[in-house]
Amino acid sequence: MKKNSFIIVSLTLMICLASCKKGFEEKNKDPYAITAVDPGLLFTGAERNMNSSAAGVNTGSWDGEQTIVQQYINAYNAGATAGFQFNLDIDGYSNDRWNGVYPNVVKPLVQIISVVKNNPASKNLYDMARIWKAFAFMTLVDTYGDVPYSEAGKAYLENISSPKYDKMADIYADLYTELKTATADLSASNEYVASDLFFGGTAATITPAMITAQVAHWKKIGYSLMLRLGMRYSKLDAAKAASIVQEAFAGGVILSNSDNVVVKQYNGTVPNTFSNLQRNISPYFYYLAEPFVTQLKSTSDPRLKYIGASYANPTTITTTPDTTTANQYGFPVGYDAVSFLTAPGSRGAKGGGLNYQVMVNTVAPALFITNAQTQLLLAEAKFRGWITSSTTTQQYYEAGVRAAMDDWNLFPGTFSPAVSNTEKDNYLLGPAVAYNDANALKLINTQYWICSITNGPEGFANWRRSGYPALLRNTYNDNLVPGGGFVRRMSYPDAEKASNAANYSAAAASMGGDGITQRVFWDKP
Amino acid sequence: MKQKKLKFSLKTTVALAVIMLLCLNAAFAQTSVKGTVADADGKPLPGVSVIQKGTKNGTTTDASGNYSLVLTNNNSVIIFSNVGFETKSEVVKGRNAINIILTVQKNTLEQVVVTALGIKKESRKLGYAASTVKVDEITQNRTTNVMKSLEGKVAGLEIAPPSAGANASNRIRLRGQSGFNGQTNSPLIVINGLPMDQGARSAEGGGPATDQGDNLSNINQDDIESMTVLKGATAAALYGSRASNGAIIITTKSGAKNSKFGVEISSSFAADKILDFTDYQTEYGTGSNGVRPSSQAQAQSFGNLAWGEKYDGAPTYQYDGVQRPYLPDKNRMKQFYNTGASYTNSIAVSGGNASTSYRVSFSNQDVKGISPGNTYHKKIFNLGLNSKITNRLTLQTNINYTHEENNNPPLVGAQGIGFSSFLNRIPLTVAISTLKTSVQNPDGTILSTNPFNNLLTNPYYLIGRMFDKTKRDRFLGTVSLKYDFTKWLYLQGRVNADLGYNNNEANNPSNYAPNAPINSATGGWAGSYGVSTGFNKQFNSDFLLGTTHKIGNFTIDVSAGGNMYTVDNNFSSQSVTDFVVRDIYSIPNGITKTQNYTVRRSQVNSIYAFADFSYKNFLYLNITDRSDYFSVLTPPSSIVANPKNSFNYPSASASFIFSELLPEVKWMNYGKLRMSYAKVGNANGVDPYSSQLTYSIESQLFGGYSVANIAGNGSNPNPYIIPYSVSEKEIGLELKTLKNRLNFDISIYDKRTNDQILPINLSAASGYTGENVNIAKLKNSGVEVLVDGTPVKTKNFSWNVSVNGSYNTSKVLALNPGQTRQIVTFFNGTGNEFIGYLTYDVGKEMNQLVDYTYLRNDKGQVMLNSAGGLQPSKDMVNYGSANYKEIGGITNTFQYKNLSLLIHIDGKFGGKVFSSTALNGLRSGQSQASLVGRSGVIFDGVLPNGSQNTISVAPQTFYAQYRSQNIGDPFVFSSDFIKLRNITLTYDLTRFMSNKVTFVKGLTVSAYCRNAALLMKHIPTVDPEAFASSSDSRLGYEQHTEPTTRTFGLNLNVKF
């Protein structure tokens, strides 16, 4: 009897041990790690990381889009540093946006959305995250074409480690729906999002007026992105473009610089990595491209002094540079640092560099969606007759140019105001700048090109969409002829070939190859 | 402090000597005694030695086992001894006839082995390989860390002690490396039922770091009662997820029942002399491009180059601006390194009555390392208590408390840093005496000796300025209660505690900057300082219910049990860089401060059962099964609702004593065939919380906003990770022949690791750039052989030879699909060394050394560039594996009366190594190899135009190309060696003591020499065993470690 009872006790003990798993989940939770966080704080990071990330991953570099649209040149030709200016597909420049945006913007946004989706107290945050995610994916599609969308950023949440690529036109269609519903859904009767880097901020008491203002701002962001998205269809499907543009315009877009979506302030700990990358390597090799400098120089553009600069010693960028217009030269497209020395009309090794005190300052702002862009897009929409408005094409055009000049007020080392009204007036009177209907599209989109100098993806996309400015093709290596002689997209990161092979191959096949002359769907030849 | 310890041992020695002398003056009175000596079965034993204790008076038994001895004293003690049998002593007490039965010695025939869960089993019942370590060899050939003395002793057990200071850890591998780098690949250590990881706190090398020893330094050799090496997975299967690498089971002494109060004292001293294998050229001195320095500034800028002129004794500038004769200092290593010394004293008291036995011991060890400033102190207190509380209830308690202090262990070998690196890299032109006296500038800053001054730092600047102090306390406790319900049913419950406290304090003085800029950005005095403390708490509780039944010829033992293992560790550290006041190393004086606090908690619950079936006395079957439930495999239920967090590990083994069926085969005393299969797993690669998504908050506000990010370095916290599994098949044969004078033990095994945890790259679009997955496969297979023979055995002399050898290959069977190579270490990148890669290549032996070779044409000629310079091959080549394939040792034991001599030779074969010492020696003009082509290197090869090369390149320029072009050929060597590992001379003085002095029960003196001679090696300038780390990430990379040593030691053991 006694024996039996001991056996029973032992068996009970065994069963208990086996079932003692209840505490395991709690035990496997790091008590000193942050396992839950206000999703709003993640949103702040996701907003900022579109341009810069604390992890040091870059979301693009000057060697990317700015090089393709001939604003910038890294003249040093040595294998891995030779990129688009030499008509080469170099993974290091193509993969920046992919490797930066997915882990540092898409992943946190997916995480936020999964957390706040059904939380009635976070409805506005939910909608803002959707709008910002739409912005991130518009950039990704414009850069690469087909990209992982529906399965992206879900390695942890849904165990999807090899996300499939979605068709770019389908993604765009969904982005339209997302922008439409999320924007409409934003409401002043929902919560205030203090952690919104653009239009948030903490306050002792949150007033209804603050919520109203924030919601109004974000509705403008949503509709401005919808305007941008609609305009992308202009070559592909004018009717569709017109319809979306009309809808966006009716909803209310950004029409004031105070509505601009800007990351205004970087500090020493988290500098503007887009700038920092440039400064930290070897500024000696970096130049503005000749077509860009020529455009600014020939029109006596008051912005040139903030963009270009000439340093006595190009490796020492901490000294005050020469910014006089006459002394700025671009680096001719189609040469490298060596062949340039023997190029026709060569000025020797001296070229015009970037202004590291202003434009490429480590505390320079990052402008994502601006009044200038919106006004110029509206100018084109008005010119094409897609919107009904009392404002004329010329008025939109001139407002766009003035807004772009005012963007420089946000940069360090500029005058106050950065560009005076007199300078703006004089500039707009210039023969190559003054509005005329005959050259409307050229004028509008050239200004878009100029004002996108620090926003590579937007400058590249609009140039492909509009065809302006009409750049001469770069004949260095001259191996891009099937695509019209220009880079039309960036190739997928090489790592995808190994880490996501099947999906990568399918996407490449669907696009007719993973080259840099393939076109995204809206970029109709 | 040190002197006091020394005095203690001297005093003891003197006292013992006096006692001995007294004992030898014995009184005489005559009588005689006769009788028969037989074994346990009553068979008479011939040739048994019969000696009157304390005299030279003795005889041997005849063919019928009879003896007759005339005694000098009718109250003598007679000692009966025979090889293979327990020695017995009898007090005559006036008797004339004494018949004696000698029992067979434990470790020869019916050996009892401590197996998994501490269960003692007769060796014949085991279906797997288990080796018992000869404990007296460990105590006589004493090493600071007990495992070091097992090198080359046990077939299949690879011990590799890095040359990393007085208290270095060891690389311990049983049957190869079963997991990839990053896993715990050392066997499980079980001390009195307390399972623990080896816990090697070794540094990887490649950066400034020190080896801080391992958990085995908690063991005092004198306390060990038995030590069993369970080599295969089957043997250790009952330890479940921690057993994939086998286990080493250590039991400490608890005294003997019915024994009188006894005291045992041992005292030992050992001296370490460095083995200097450096063989640098002594023809050319400091200089560059064939020119000697003509100023102090030049001497400083050429300080690391021996590309100067021929030594001629002419006054030449040195780095301190003094002109000295241009001559080499040929003996720098021996001048720089000290003679190490270690003093160990231990005392143990033990005793027991009918129901209780106990043993309490205390030992103290003081070690002075060969590296200036390196000291190590250790105190161990050990208690063993075994008590039968009632007829049915038994209590067993073991407590071990260790206090260690480890000061200034040498930096492990790395490019640039460390004393050894400096001495190997700076040309012999600069003498030790100069380095010692010319240290500082007048303002106290370092006097520059070479252009890489902040890495290749004059050791005499660092001695006294740089410190690294570790204090460690460890408590190991086991309490076990066993209750016997009946003769055939028992229940045992046991609780183990393992508590540890570590504290470390270390600095980097200014002017020394292995990984931080010398010029601090914060404006203070450069340097760094840090303190860290860790507290480790592990509990292990188990119970076991066991029964035995005998039914006819069958015996069935069935047991079932459960175990709960919890880990609760925390670690905090504070460090500062840059100081307000120079040379004061404290946290408040620091300008930039960093803090860290981490906690690790985990739990494993297990249930297990096992059954032993015996048929008669020759057929045995053993089946075990265990299930482990892991907390670390329990991700948040919001991510994985029903996680697979439990795994099952079965094993089966069988043993067949075929000799029992062949009694007519006279030459065979014992023959056993065994075979086994087991599947075990290892969750060591899965860290606590590794499936938990965590966040980080940026330490500074961003424009007034707090920013959060998803934490981790881009690696997905994969919640689906599982333990990898190891399945092992083994077959073995044991033979004892010719009256146990020639014995064999052979094992063949095949061990496969599946679901090996491998970090893979992910598409960044998934949100992460990588994750750990269960994917790779690995195979270890091999043979282990033990041959033990006694070629000579006479009355007074015996010679025993024990040969052990093993052959093991570790093959990588699969990586991630499509992946053919996994880079473990890129020495030129991750470690900031200069040459090569350590890789896992599919289909190849594990741990490949890989690098570029010479570019060659179809004819095999080296293709040079148009300047006669080197070009690397298009693809990298495999130079071979860093793993040794054959490891073995031969132990010869000669016994003449009471004097025994042990000679142990061991060797390792079949491995390759990259020698960074050879690389640095060649490119800096230090090595003998750099003497080739001093007037210009015309390399044997063809120029781009196809013609034979005739271009002469300056040697300094030419040899630098090996590094810049990453060509590994001249720096790859075989790491094979044969060493005369150990000579031990032991003299048992007991018999010289008078039987009047009954209170002295034993007196033994032994002397030994360890690393007596290196009999064979291929790598120049260094000892093939002089490597940096006991881990798996830098195998096959030799890099200026501390020199190895030869040890002379003396032990004295007295039993009262």
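Lettering of chains follows the sequences in order, A, B, ..., and the numbering in each one begins at 1. In what follows, every heavy atom counts, from backbone to side chain, and hydrogens, waters and symmetry copies are set aside.
Among Ser637(B), Gly818(B), Pro719(B), the residue with the largest count of heavy-atom pairs under 4.5 Å with chain A is Ser637(B). For the set Asn718(B), Thr769(B), Ile697(B), Thr598(B), the entry with the most heavy-atom pairs within less than 4.5 Å of chain A is Ile697(B). For chain A, the option among Pro688(B), Pro717(B), Gly770(B), Ser638(B) with the highest count of heavy-atom pairs below 4.5 Å is Pro717(B). Taking chain B as the reference chain and counting heavy-atom pairs below 4.5 Å, the highest number among Pro31(A), Ala36(A), Gly40(A), Pro493(A) is found for Pro31(A). The choice from Lys107(A), Lys154(A), Glu47(A), Glu151(A) that makes the most heavy-atom pairs within less than 4.5 Å of chain B is Lys107(A).
Neither the backbone nor the side chain of Val106(A) comes within contact range of chain B; no heavy atoms are under 4.5 Å apart. Neither the backbone nor the side chain of Ala501(A) comes within less than 4.5 Å of any heavy atom of chain B. Within the 4.5 angstrom heavy-atom criterion, only side-chain atoms of Gln111(A), from C-beta onward, approach chain B. Heavy atoms of Ala495(A) lying under 4.5 Å from chain B are absent altogether. There is no contact between Gln819(B) and chain A, counting heavy-atom distances below 4.5 Å. For chain B, the nearby parts of Tyr156(A) are the backbone and the side chain; heavy atoms of each come within less than 4.5 Å. Contact annotation for Phe630(B): only backbone heavy atoms (N, CA, C, O) come within less than 4.5 Å of a heavy atom of chain A. Looking at Thr566(B), only its side chain comes within 4.5 Å of chain A, counting heavy atoms on both sides. The parts of Thr694(B) that come within reach of chain A are both its backbone and its side chain, each placing non-hydrogen atoms under 4.5 angstrom from that chain. Heavy-atom distances place no part of Ile760(B) under 4.5 Å from chain A, backbone and side chain included.
Within the model, atoms CG of Asn709(B) and CG of Asn49(A) stand 5.5 Å from one another, a figure rounded to the nearest 0.5 Å. Rounding to the nearest 0.5 Å places CD1 of Ile639(B) at 10.0 Å from CG of Asn159(A). We find the CG-OG1 distance between Leu693(B) and Thr35(A) to be 9.5 Å, quoted to the nearest 0.5 Å. Taken to the nearest 0.5 Å, the CG atom of Leu157(A) stands 9.0 Å off from the CG atom of Asn716(B). How far CG of Asn761(B) is from CG of Asn500(A): 12.0 Å, rounded to the nearest 0.5 Å. Separation of atoms NZ (Lys27(A)) and OH (Tyr689(B)) is listed at 9.0 Å; rounding is to 0.5 Å.
Within 6.0 Å of NZ on Lys117(A) lie no more than 12 heavy atoms contributed by other residues, nucleotides or ligands. Annotation for Lys537(B): atom NZ does not count as buried by contact number, only 12 or fewer foreign heavy atoms lying within 6.0 Å.
Across every non-hydrogen atom of Pro163(A) and Ser766(B), the tightest pair is CG-N, 3.8 Å. Closest approach of Pro148(A) and Ala765(B) over heavy atoms only: CG-CB, 3.5 Å. Smallest separation of non-hydrogen atoms from Leu42(A) and Ile710(B): CD2-N, 4.0 Å. What you find for Ala764(B) and Tyr102(A) is that their closest heavy atoms are O-CB, 3.2 Å. For Arg601(B) against Lys29(A), the heavy-atom pair with the smallest separation is NH2-O, 3.1 Å.
Within residues 194-202 of chain A, the residues having any heavy atom under 4.5 Å from a heavy atom of chain B are, by residue number, Ala194(A), Ser195(A), Asp196(A), Leu197(A), Gly200(A), Gly201(A).
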task: Could you walk me through whether Ser161(A) and Leu762(B) pass the side chain to side chain contact (heavy atoms under 4.5 Å, CB included) test, one step at a time?
output: CA-CA 6 Å; Ser161(A) 50; Leu762(B) 287 190; 3.6 Å; yes
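With contacts defined as side-chain heavy-atom distances shorter than 4.5 Å, the pair Phe702(B)/Val263(A) qualifies. Between Ser691(B) and Asn28(A) there is a side-chain heavy-atom pair separated by less than 4.5 Å. For the pair Leu41(A)/Val707(B), no side-chain contact is recorded, criterion being any heavy-atom separation below 4.5 Å from C-beta on.
Listed by chain and residue number, Lys497(A) satisfy the salt bridge (Lys or Arg N to Asp or Glu O under 4.0 Å) test with Asp494(A) (two or more places apart in sequence, or in another chain).
Between Tyr597(B) and Tyr32(A), the distance separating the two ring centers is shorter than 6.0 angstrom.
Salt bridge Glu698(B)/Arg48(A): present, at least one basic N to carboxylate O contact under 4.0 Å.
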